[in-house]
Amino acid sequence: MTYRTAALTFAGVLIGFKIWSVFLIYLVWGGEGTTTFLLGTHVLWIGVPLILLWAPVMFWFRLYRVRRRRRMLLEAEWNVGQEPPVNRQSGNS
């Protein structure tokens with residue numbers, strides 16, 4: 001548990017310093033060219049975390065879909081005696 005705390009503290013300090021330095025650079029040397037320069041030099045700081053977060057997000061989304069599908073299949077299996085909701089008619093047509 002202490003290794004995880006140390007790693008999160010280290011990552012937090014890195015990210016905090018990076019955000020603070022970008023803010024100070026923009027504050028002192030602000031302008032349209034500065035924005036382009038900062039985005040160009042910080043592409044890896046923006047892109048790498050997005051790539052690293054993409055896999056867990058897709059995993060949890062897939063897990064949600066699989067569990068929803070399983071729940072639907074179990075419900076369909078146990079509700080055999082009932083007419084499916086699509087074929088039910090409300091009243092006489």
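- Between Phe17 and Trp20, a ring centre-to-centre spacing not shorter than 6.0 Å is recorded.
- Between the side chain of Thr34 and the main chain of Trp29, a donor-acceptor pair closer than 3.5 Å is present.
- Phe37 contributes atom CZ, which lies 8.0 Å from atom NE2 of His42 (distance to the nearest 0.5 angstrom).
- Here the CD1-OG1 distance, from Ile25 to Thr41, works out to 7.0 Å after rounding to the nearest 0.5 Å.
- Once rounded to the nearest 0.5 Å, the distance linking CZ of Arg69 with CE of Met72 reads 5.5 Å.
- Cluster membership for Ile19 and Leu38, using ILVMFWY side-chain heavy atoms within less than 4.5 angstrom, is not shared.
- Under the 4.5 Å side-chain criterion, counting only non-hydrogen atoms from C-beta, Leu50 is not in contact with Trp54.
- For Leu52, the CG atom sits in a packed shell: over 12 heavy atoms of surrounding residues, nucleotides or ligands are nearer than 6.0 Å.
- Contact of the Leu63 side chain with the Arg67 side chain is registered, since non-hydrogen atoms from C-beta on lie closer than 4.5 Å.
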Would Lys18 and Leu14 count as a side-chain contact (heavy atoms from CB on, under 4.5 Å) here? Give the steps. CA-CA 6 Å; Lys18 184 56 81 171; Leu14 273 176; over 6 Å; no

